[in-house]
Amino acid sequence: MKIPFVSFLPLEHELDKNIRSAFERVYERSWYIEGVEDEGFEKAFADYCGTNYCVGCGNGLDALVLALKALGIGDGDEVLVPSNTYIATALAVTYVGAKLVFVEPDIRTFNIDPANIEKVITKRTKAIMPVHLYGQPCDMDKIMDIAHKYNLYIVEDCAQAHGATYASKDGTKKRIGSFGDASGFSFYPGKNLGALGDAGAVVTSNSELADKIRAYGNYGSDYKYHHIYKGNNSRLDEMQAAFLHEKLKKLDEVNENRRMIASRYLHEIKNDAVILPYVPEYAEPVWHIFGIRCSRRDELETFLNDAGIGTNKHYPIPIHLQKAYEDLGFSEGDYPIAEEISKTELSLPMYYGMKDTEIQFVIDKINEFR
Ligand SMILES: Cc1ncc(COP(=O)(O)O)c(C=O)c1O
């Protein structure tokens with residue numbers, strides 16, 4: 001049996017008619033940037049996230065950059081970023097000219113550990129960027145408490161967690177993206193909500209911030225040929241907005257299907273060599289990635305690949321050891337938890353429409369590994 005790490009085909013087959021009619025709708029209108037599709041999707045996605053505004057943009061990295069810029073973060077400021085995340089989170093901080101400060105994650109959840117945040121806060125700290133990695137919400141009650149105590153902005157990186165919810169101690173349950181001052185989403189094709197190309201968005205409930213973000217992503221312009229900032233060009237085009245709107249209608253079903261697969265993995269994988277992901281009580285993850293840990297990760301990967309099962313590693317080199325950041329002067333041992341995750345994490349196949357027999361095959365093979 002051949003099981004890819006990820007496949008878009010089951011969802012694409014189901015949405016075939018909707019996607020083709022979305023294409024025709026836009027093509028016949030012959031209007032490709034800043035139009036009704038963009039408006040319609042932005043409204044629907046803001047409603048979905050539980051925020052007042054959504055501003056579409058070119059990709060998830062731009063979403064984070066635009067959010068930081070609109071908050072006025074730049075030169076001389078420090079921004080706290082988990083040491084275990086995709087490099088885009090760090091690059092966004094670098095692009096606005098601020099200083100990256102890494103915070104180690106909780107090895108059980110892979111997410112930023114609130115217990116490690118306060119010790120790195122200085123007078124220059126301006127923001128925390130919690131990343132809801134692999135689709136699992138960060139511990140937002142604790143992070144929001146710290147942000148209020150030190151008067152810091154929160155920019156959530158929601159690139160991997162469309163639709164994940166967090167249950168607060170007071171009993172309220174909210175979608176991630178609705179906690180921060182502004183939150184960035186990626187709609188890269190492989191995400192739980194993916195476009196048919198690059199796309200992204202920022203959600204916020206602050207109208208002034210939403211206007212700034214929109215202007216920054218549109219040449220710094222508040223209205224045509226009137227420029228109030230030295231902005232850039234990062235807009236969500238009509239075609240992608242139309243596709244995303246169709247796919248948004250199915251997002252809950254997609255996430256539910258991923259939860260079913262995750263639940264089978266969590267209950268049926270029984271092998272002492274493997275550490276399964278931990279889901280805290282507050283979290284309702286959407287399983288963008290199902291990451292297990294194994295001290296013999298590379299052997300397990302070869303074993304699964306030889307059996308026809310596709311796997312991946314998120315991420316094999318932590319950001320502080322990447323060549324791109326050698327100027328920061330970090331070395332092995334500086335962020336041991338991120339390093340441990342990079343050496344032991346293995347991502348299993350996880351996508352909408354995996355067949356029962358395929359899920360079973362993955363479980364059986366992992367249980368066979370000795
Ligand atoms: C955690 C995280 N942040 C940001 C991004 C950037 O998104 P994009 O690829 O759309 O620029 C990604 C994309 O993979 C991501 O995983």
Side-chain angles (χ1 to χ4, degrees), residues 5-6 8 41 45 49 54-69 79-96 100 102-103 105 109-112 127-138 140 143 154-164 176-177 179-180 182-203 213 216-217 232-237 240-241 243-244 247 258 285-291 312-320 322 324-325 338 341-342 345 347 350-351:
F5 171 66
V6 68
F8 306 151
F41 171 69
F45 194 62
C49 293
C54 166
V55 182
C57 64
N59 54 64
L61 171 56
D62 283 357
L64 298 173
V65 172
L66 291 169
L68 293 171
K69 269 190 96 108
V79 178
L80 312 192
V81 167
S83 51
N84 177 51
T85 176
Y86 183 56
I87 196 166
T89 324
L91 287 175
V93 176
T94 305
Y95 283 178
V96 299
L100 261 178
F102 291 117
V103 180
T109 63
F110 302 102
N111 275 333
I112 192 165
I128 310 172
M129 293 180 79
V131 183
H132 309 290
L133 206 66
Y134 310 161
Q136 163 118 277
C138 297
M140 292 313 295
I143 295 171
I154 294 285
V155 176
E156 292 173 70
D157 182 340
C158 305
Q160 302 190 359
H162 318 69
I176 56 93
F179 291 86
S183 304
F185 282 87
S186 162
F187 303 123
Y188 176 80
K191 303 298 191 207
N192 290 30
L193 178 60
L196 307 189
D198 273 321
V202 186
V203 298
I213 291 164
Y216 270 124
N232 67 353
N233 175 10
S234 183
R235 300 173 296 209
L236 177 62
D237 67 69
Q240 297 304 341
F243 299 149
L244 285 166
K247 293 178 89 174
R258 287 174 174 269
V286 289
W287 303 104
H288 175 57
I289 286 163
F290 191 93
N312 214 331
K313 296 172 193 145
H314 295 89
Y315 296 92
I317 307 173
I319 301 172
H320 67 282
Q322 292 281 358
Y325 278 115
I341 293 171
S342 75
E345 191 276 346
S347 310
M350 169 59 76
Y351 52 88

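First listed ligand is number 1; within each ligand, the first listed atom is number 1. All figures in this text were calculated on a predicted structure; none of them were measured in a lab.
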Closest protein heavy atom to [atom], given as residue, atom name and distance to 0.1 Å:
{"atom": "atom 15 (C) of ligand 1", "result": "Ala159 CB, 3.5 Å"}
{"atom": "atom 8 (P) of ligand 1", "result": "Gly60 N, 3.4 Å"}
{"atom": "atom 14 (O) of ligand 1", "result": "Lys191 NZ, 2.7 Å"}
{"atom": "atom 16 (O) of ligand 1", "result": "Gln160 NE2, 2.9 Å"}
{"atom": "atom 9 (O) of ligand 1", "result": "Ser186 OG, 4.0 Å"}
{"atom": "atom 1 (C) of ligand 1", "result": "Asp157 OD2, 3.5 Å"}

Taking [X] for its side chain and [Y] for its backbone only, find out whether a donor-acceptor pair lies under 3.5 Å.
{"X": "Ser183", "Y": "Phe179", "result": "no"}
{"X": "Gln240", "Y": "Asp198", "result": "no"}
{"X": "Asn84", "Y": "Phe110", "result": "yes"}
{"X": "Tyr134", "Y": "His314", "result": "yes"}

Going by the order shown, which atoms of ligand 1 are within less than 4.0 Å of some heavy atom of [X]?
{"X": "Leu61", "result": "6 (C), 7 (O), 8 (P), 11 (O)"}
{"X": "Ala88", "result": "4 (C), 5 (C), 6 (C)"}
{"X": "Val131", "result": "1 (C)"}

Notebook entry, point to check: Where does the angle between the aromatic ring planes of Tyr315 and Tyr86 fall among parallel (under 30°), tilted (30 to 60°) and perpendicular (over 60°)?
Noted result: tilted

Notebook entry, point to check: Which class fits the ring pair His162 and Phe185: parallel under 30°, tilted 30 to 60°, perpendicular over 60°?
Noted result: tilted

Note to self: Does the residue Asp198 have a heavy-atom contact with ligand 1, meaning some pair of atoms that are separated by less than 4.0 Å?
What the structure shows: no

Next item on the list: Check the surroundings of atom CZ in Phe290: do more than 12 heavy atoms from other residues, nucleotides or ligands lie under 6.0 Å from it?
Entry: yes

